[in-house]
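Report on the following structure.
Treat the numbers as computed from the prediction; the structure is a model and nothing was measured. When a ligand or atom number is given, it counts from 1 through the structure's own listing order.
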Amino acid sequence: MENRFDVIVVGGGPGGSSAAMYLARQGRKVLLVDKARFPRDKTCGDAVGGKALRVLRELNLLEGMQAVPHERIEGVIFSSPKGTILHIPFKVNGEGREAGYVAMRQHFDNYLFQHAKKTPNVTVLEEFQATDLVWENKFVAGIKGIDLGSKQAKEFKAKLVIGADGSTSIVATKVGVNTIVPEHNCIALRVYYRNVKGNTNNIEIHFVKDLLPGYFWIFPLQDGYANVGVGMVTSDVKKKKVNLQEAMFKCIKENELFKERFEGAEILSDVKGWTLPFGSFHRKSYGNGYILLGDAASLVDPFSGEGIGNAMTSARIAAPIIEKAFKANDFSENVFREYDKNLWEAIGPELDTSYKLQRIGRITPLLNFVVDKAANNKDIQNVISGMLANEDAKKDFLTPLFYLKLLFA
Ligand SMILES: Cc1cc2nc3c(=O)[nH]c(=O)nc-3n(C[C@H](O)[C@H](O)[C@H](O)COP(=O)(O)OP(=O)(O)OC[C@H]3O[C@@H](n4cnc5c(N)ncnc54)[C@H](O)[C@@H]3O)c2cc1C
């Protein structure tokens, strides 16, 4: 196998696989490496939202999603700390935008990865763990790593290395930016169940008293499966000294909203935990000879915990800038700065709103008030539905006027 490529992508998750496909379409010779062999599991809530669907559409992969096991999502159910339930159907806009899916990552990521693998110009190496970077004249010029099968050390070179290797990114670590900021990081657990009663085509987000300021989720999957989990900001987990796993099972067994629903439900997996680096902290995502995507660039939404869409979006936004670098034969940070700028112009305002919402969500009486008011008023449900579908409108959640209106609703 040759050892020189235009671009090396480290990590074949949604960010890396999308990047490999975009770049190969631009005629670049890509090496895509992953330490796992696909299909592989990835600890996640498995919710695939609108931004991911946009990239799937651009890559001509949206139709094929129908063959990937999934549940189609049509709305969201919230519950307040005092137990009021609120159902908000998603607004599907005039362009016929799909509402979203819940698809196990072992299926969803495999779908993307296998498509990347069959794309002309993409060479794939599975079970290859990148362990270090190759540096030449202060530029990243390749990767070093180990073939996990043969235990052989190998080195590959390229004009550009893309770090799409998730929250423990070796690329981000080696360029010195993989710092964990506990206020901008989340710990989350996930377990698969079957036969949870009362599941519908809605994702469920429950602001349970004992789990605040985090939330408990139930996301329905195909054939009676469900992804169940809990997440909390890392600094809160430390401050409250909470054992998330115990707190989650206590909620499942004792909370009035859930104990009957989980009676007779079957646990199908271990409880797995992982971290989510929030985009409320702007990590520098570029430098001489490298750029970072997705979790490696710390792009997870700090309110919803969604990171798949932003990982794929970062690949979409990086692709034309990378093409500029090849045209100019300049792989310096002067060129890649534009990627960071474009990325943050596109997703920064939303991340900012989500961070503020996360802070507001810590005020328990306010959560009770909003959910109570909305649960009894169709007009407010419509307004919230519109707000969830539209980034600008979401900012209304942050204005005093919104709460004033609720007072008189
Ligand atoms: C419990 C939990 C629930 C979540 N729920 C949701 C949700 O419902 N919806 C949502 O949108 N997001 C959710 N997220 C966030 C989402 O999982 C991530 O944001 C998303 O996976 C980021 O994609 P990525 O491509 O950047 O990285 P990843 O999906 O993490 O992919 C990184 C890839 O890099 C590979 N890799 C890592 N290190 C190396 C190395 N050294 N060498 C070679 N390969 C390497 C890994 O094997 C992996 O395949 C959740 C996260 C957690 C932890």
Side-chain angles (χ1 to χ4, degrees), residues 8-20 31-53 55 73 100-106 108-110 112-113 116 124-133 143-148 156 161-174 178 185-191 203 205 214-215 217-219 221 227-232 234 244 248 271-279 285 292-302 304-315:
I8 296 170
V9 182
V10 184
S17 287
S18 304
L31 173 65
L32 174 63
V33 305
D34 201 292
K35 65 181 178 187
R37 177 160 295 280
F38 284 73
R40 59 100 179 92
D41 185 25
K42 157 77 179 82
T43 306
C44 188
D46 300 333
V48 181
K51 269 192 269 180
L53 301 188
V55 174
I73 298 304
Y101 300 105
V102 181
M104 285 179 182
R105 293 287 298 273
Q106 56 171 310
F108 179 69
D109 287 22
N110 190 45
L112 287 179
F113 186 82
V124 154
L125 206 49
E126 292 172 81
E127 296 180 320
F128 180 84
Q129 180 161 10
T131 53
D132 208 346
L133 299 173
I143 58 167
K144 296 176 184 177
I146 297 183
D147 180 317
L148 297 174
F156 298 97
V161 170
I162 294 183
D165 45 346
S167 67
T168 56
S169 168
I170 191 76
V171 181
T173 303
K174 293 292 173 182
N178 204 6
N185 199 276
C186 173
I187 298 176
L189 308 179
R190 172 222 76 188
V191 58
I203 54 170
I205 293 181
Y215 71 72
W217 74 77
I218 305 172
F219 292 172
L221 279 153
N227 180 317
V228 174
V230 60
M232 193 183 280
T234 304
L244 277 183
M248 179 176 77
V271 180
K272 283 195 183 173
W274 199 244
T275 57
L276 298 86
F278 283 157
S285 62
L292 305 173
L293 306 178
D295 282 12
S298 194
L299 300 180
V300 176
D301 186 291
S304 67
E306 285 180 89
I308 298 169
N310 281 349
M312 296 171 76
T313 299
S314 61

Just to confirm my output: which protein heavy-atom neighbour is closest to [atom], and how far is it?
atom	result
atom 15 (C) of ligand 1	G305 O, 3.7 Å
atom 31 (O) of ligand 1	G13 CA, 3.6 Å
atom 48 (C) of ligand 1	D34 OD2, 3.4 Å
atom 27 (O) of ligand 1	G166 CA, 3.7 Å
atom 52 (C) of ligand 1	T43 O, 3.5 Å
atom 36 (N) of ligand 1	D165 CB, 3.9 Å
atom 12 (N) of ligand 1	G307 N, 2.9 Å
atom 29 (O) of ligand 1	R105 NH2, 2.9 Å

M312 near ligand 1 by a heavy-atom separation under 4.0 Å |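 M312 does not count as a contact of ligand 1 under the 4.0 Å cut-off.
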R40 to ligand 1, any heavy atom closer than 4.0 Å |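 Right, R40 reaches ligand 1.
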[X] heavy atoms, cut-off 4.0 Å: which ligand 1 atoms fall inside?
X	result
F219	8 (O)
I170	41 (N)
V300	19 (O)
P14	23 (O), 25 (O), 29 (O)
I308	10 (C), 11 (O), 12 (N), 19 (O)
G294	26 (O)
Q129	41 (N), 42 (N)
G15	25 (O)

Under a 4.0 Å heavy-atom limit, does [X] contact ligand 1 with its side chain, its backbone, both, or neither?
X	value
A164	backbone
N227	neither
L276	side chain

V48 versus F108: any side-chain heavy-atom pair under 4.5 Å?
->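 Yes - at least one pair of side-chain heavy atoms lies under 4.5 Å apart.
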Give the C-alpha distance, both sets of side-chain angles, the deciding distance and a yes or no for side-chain contact (heavy atoms from CB on, under 4.5 Å) between I143 and F128.
-> CA-CA 11 Å; I143 58 167; F128 180 84; 3.9 Å; yes
Out of [options], who is nearest to [atom] when you count heavy atoms only?
atom	options	result
atom 45 (C) of ligand 1	R37, K35, E306, K42	K35
atom 4 (C) of ligand 1	S169, A36, G45	G45
atom 19 (O) of ligand 1	D295, I203, N310, V102	D295

Between [X] and ligand 1, is there a nitrogen or oxygen pair with a distance under 3.5 Å?
X	answer
A130	yes
T275	no
A296	no
A47	yes

Would K51 and D301 pass as an ion pair if we require N to O under 4.0 Å?
->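 No, no charged N to carboxylate O under 4.0 Å.
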Without hydrogens or angle criteria, can the side chains of T173 and N178 be said to hold a donor-acceptor pair below 3.5 Å?
->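 Yes, N178 and T173 have a side-chain donor paired with an acceptor closer than 3.5 Å.
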